[in-house]
Amino acid sequence: MSIDYQKLADLLFPQVTDTPETLESRFPARSLPEGAKVTRFAPSPTGFVHFGGLFPVMVGERLAHQSGGVFYLRIEDTDGRREIPGAAEALITTLSQYGIHFDEGAILGSDGKITDVGHYGPYKQSLRSPIYHVYAKQLVAAGLAYPCFSTEEELEAIHNTDKKAEIKSMDWENQATARREEMLARRSFTMEQVEAELAAGHPFVLRLLADGDGEKKLTFTDLVRGKLDMPVNDEDFVLLKSDGIPTYHFAHAVDDHLMGTTHVIRGEEWLPSLPKHLQLFRYLGFKAPKYMHISQIMRLDENGSKKKLSKRDMGANLNDYASMGYCADAVAEYVLTLLNSNYEEWRTANPTLPYTEFPFNIKKMSASGCLFDFNKLNDVSKNVLSRMTADRMYETATAWAATYDRELYDHLTRDPAYAKSIFAIGRGGKKPRKDFTVLRDVKPYLDFFYDDLFTVKDALPEGTDSADVAATFAAFKATYDPADDMNTWFDKVKAIATDLGYAADMKAYKADPTAYRGSVADISAYLRLAVTGRQNAPDLYTVMQLLGRQRTFARLDAFPL
RNA sequence: GGCCCCAUAGUCAAGCGGCUAAGACGUCGCCCUCUCACGGCGAAGGCGUGGGUUCGAUUCCCGCUGGGGUCACCA
């Protein structure tokens, strides 16, 4: 049976008049400096940004911007059934909070609507049908693709593929044979049959005519995994769905070629379909981009086995991190530590540089999947917060509190200078205090600096003689001078200790605790509890400096004995 | 089940034929110290398994085991 493929192409795509050549001239190759990488983030608007999604995003962003290239955003909205209205906008907003900015693509305008920026658009796949159809027609005309009029129901009866649960229990051997036979059957048809189906108004999908021998292997080099062997594609997979919208595979080939993507960075779940893509690029006459398949982030389930971090898991939604109190920089740094094994080393050597200064290196990427580790994230977050200047910490905390803790926000903004001086405690030196793991820790840490938030949380140590406490307060009030420096201040506290029969010297006290009523540590504890309401707080001298004499004394007076 | 990927401590990881097998997080001790937070010192804990190749394997090859992915008109 011989078919006039050009005639078939005209029959299937009568509306297509453009040719691949006209498209090539409409989207010319980019003129970029040698070595510049063009990468993209290509999400489908089906929900929030997944934490795991941040990995390819950051790799793409770093590679592009580090090389003087282009990082663009393309929206893969080819599945109307799964699309969630507003998801694309939300995706962009979330990423911008993470400092991820796109040079071109479907970008959010000031009106909150998505608009195209750049010369390779449209950047929403649903708007690119005419483009895909040009190449679809070309493939049909070349005898490399064909229409299939089987309905979804018919195929499902054979494949039984629409439910994961069924896949697990089905008979694989028979399934494979049935599929092969079905595929062969669909390949043979006559022009008359096609004409009749079209005349009857029956929809069709366009399938690629696979020429590969599934027994043969293809060797391919992935930039993070090295050489890989995969079977050559032998499957007539779908290029265009019955609504004329392309599948991921087809859109990927056409778009990444036309848009000049040099490096495709995606999750490793795409590895098995790589042979399809390579075959498509070959059929289309396109040069394939370089690929980087990134390992999935996992979590530990109840049984101790690894599971893909999925939608419902804690930490899956990127938006959750803000509400948990992690700032975007912390999350980004954590991702970087997982992405490049030498990142932490670099950070230690360069504590103050922004992470964008880090020389990101593909060779330092690991091919094995890793487990999400809150301990590590916490540590990174704690360091990120501790490295900030007081001003920066103030801004970060205030911005966070604006949406997550109005009460804190009101207090911080009431007197910014005061708030900044609180944040300045133990900050800025070589060994800064690390009081905050997340921004949620801010309020409980500094509440005692505000009279209306102050409460006595802790109790005096067991067995404390309240007469000693009262005597301590009286003596302290009699001698305290805000003009004293820290040493003078502490000498006075020691003097109080001595007068009350407490040890002024800790070493002496430890050597013979029975010789004293207590130690200067106890005296400090009395004062600390009254002034801060707790047994643990930053340096008392500084706290009193910030509170001032009047408020300090008021708290000593108000302390219940 | 087929195909594919992965495999160094609880976690992330250096290592790329010869090392007492780095480092970080976590855990536990000790020190510093007015408490806390820092900081310092130290400890426990690892090359999944069986074959090769080699004078010598964590490192190279194969099998096994384990984990993960994938097999749609979803991406």
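The basis for the numbers below is simple: all heavy atoms, side chains too, and nothing from hydrogens, waters or symmetry mates.
On the C1' atoms, B:A44 is 29 Å away from B:C16, given to the nearest whole Å. B:G10 and B:G2 have their P atoms separated by 31 Å, given to the nearest Å. Atom C1' of B:A75 sits at a distance of 13 Å from the matching atom of B:U70, rounded to the whole Å. Across B:C71 and B:A22, the matching C1' atoms stand 42 Å from one another, rounded to whole Å. B:C19 and B:U59 have their C1' atoms separated by 12 Å, with the value rounded to a whole Å. Nucleotides B:C5 and B:G51, compared at atom P, are 26 Å apart to the nearest Å. Taking atom C1' in both B:A14 and B:G23, one finds a spacing of 7 Å when rounded to whole Å. Rounded to whole Å, the C1' atom of B:U54 lies 9 Å from the corresponding atom of B:G17.
Projected onto RNA chain B by closest heavy-atom contact, A:Pro43 and A:Pro432 fall at different nucleotides, the more 5' of which corresponds to A:Pro432. RNA chain B is contacted by both A:Ser273 and A:Phe372; A:Phe372 maps to the nucleotide lying nearer its 5′ end (nearest heavy atom per residue).
The nearest whole Å value for the distance from the NE2 atom in A:His293 to the C1' atom in B:C6 is 15 Å. One can place CD of A:Glu268 at 6 Å from C1' of B:G69, the figure rounded to the nearest angstrom. Distance CZ (A:Phe237) to P (B:C74): 13 Å, rounded to an integer number of Å. Going from atom CD1 of A:Ile425 over to atom C1' of B:C38 covers 14 Å, rounded to whole Å. The nearest whole Å value for the distance from the CE atom in A:Met298 to the P atom in B:C12 is 10 Å. Residue A:Arg534 contributes atom CZ, which lies 10 Å from atom C1' of B:C36 at whole-angstrom precision. As rounded to whole Å, 11 Å separates atom P of B:U35 from atom CG of A:Leu540. Atom CD1 of A:Ile294 is separated from atom C1' of B:C4 by 18 Å (rounded to the nearest Å).
The side chain of A:Lys431 has B:G39 as its nearest neighbour among B:C73, B:G39, B:U35. For A:Ser368, taking side-chain heavy atoms from C-beta onward, the closest of the listed nucleotides B:A7, B:C73, B:C5 is B:A7. Of all nucleotides listed (B:C6, B:C73, B:A75), B:C6 comes nearest to the side chain of A:Arg225. Minimum atom distance to the side chain of A:Lys364 is reached by B:G15, of the listed B:C6, B:G15, B:C12. Side chain of A:Ser366, nearest nucleotide from B:A13, B:C5, B:C74: B:A13. The nucleotide whose nearest atom lies closest to any side-chain atom of A:Lys241 is, among B:C34, B:C74, B:U70, B:C74. Which of B:C34, B:G15, B:G69 sits closest to the side chain of A:Val520 comes down to B:C34.
By the 4.0 Å N-to-carboxylate-O rule, A:Glu344 lies close enough to A:Lys376 to be salt-bridged with it. The pair A:Asp222-A:Lys227 does not meet the salt-bridge criterion, since no charged nitrogen lies less than 4.0 angstrom from a carboxylate oxygen. Between A:Asp435 and A:Arg433 there is a salt bridge, since at least one side-chain N of the basic residue sits less than 4.0 Å from a carboxylate O of the acidic one.
In a base pair of the Watson-Crick type (N1 to N3 plus N6-O4 or O6-N4) or a G-U wobble (N1-O2 and O6-N3), with each distance short of 3.5 Å, B:A37 is matched with no nucleotide. Nucleotide B:A43 has B:U27 as its partner under the Watson-Crick or G-U criteria, with both atom distances under 3.5 Å.
Residue A:Lys457 places its NZ atom among more than 12 non-hydrogen atoms of other residues, nucleotides or ligands, all under 6.0 Å distant. In this structure, A:Glu345 places its CD atom where only 12 or fewer heavy-atom neighbours from other residues, nucleotides or ligands lie under 6.0 Å away.
Counting non-hydrogen atoms under 4.0 angstrom, A:Ala521 reaches the backbone sugars and phosphates but no base. Using a 4.0 Å heavy-atom criterion, one finds that A:Pro203 contacts no nucleic acid atom at all. If you check every strand for non-hydrogen atoms under 4.0 Å, A:Asp229 touches sugar and phosphate atoms only. Within 4.0 Å (heavy atoms only), A:Thr78 reaches sugar-phosphate atoms of the nucleic acid but no base atom. A:Lys217 comes within 4.0 angstrom of sugar-phosphate atoms only, judged by non-hydrogen atoms across all strands, and of no base. Backbone-only engagement by A:Val238 is indicated by non-hydrogen atom pairs under 4.0 Å involving sugar-phosphate atoms exclusively. Within the nucleic acid shown, A:Thr348 has no heavy atom closer than 4.0 Å to any nucleic acid atom. Heavy atoms of A:Gln535 sit under 4.0 angstrom from at least one base atom. Within the nucleic acid shown, A:Leu228 comes within 4.0 Å of sugar-phosphate atoms alone, with no base atom in reach, counting heavy atoms only.
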Summarise how protein sits on nucleotides 21-33 of chain B as a single string, 5' to 3': B when a protein heavy atom is under 4.0 Å from the base, S for sugar-phosphate-only contact, - for no contact.
---BSS------B
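For A:Ser242 and B:C73, a side-chain-to-base donor-acceptor distance below 3.5 Å is present, hydrogens and geometry of angles not being considered. In this model, a side-chain donor or acceptor of A:Asp539 finds a partner on the base of B:C34 within 3.5 Å.
Residues A:Tyr291 and A:His293 place their aromatic rings such that the two centres sit under 6.0 Å apart. Residues A:Phe149 and A:His202 place their aromatic rings such that the two centres sit no closer than 6.0 Å.
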For A:Asp236 and A:Arg186, run salt bridge (Lys or Arg N to Asp or Glu O under 4.0 Å): C-alpha distance rounded to whole Å, both residues' side-chain angles, the deciding distance at 0.1 Å, then the answer.
CA-CA 10 Å; A:Asp236 290 0; A:Arg186 287 195 303 256; over 6 Å; no
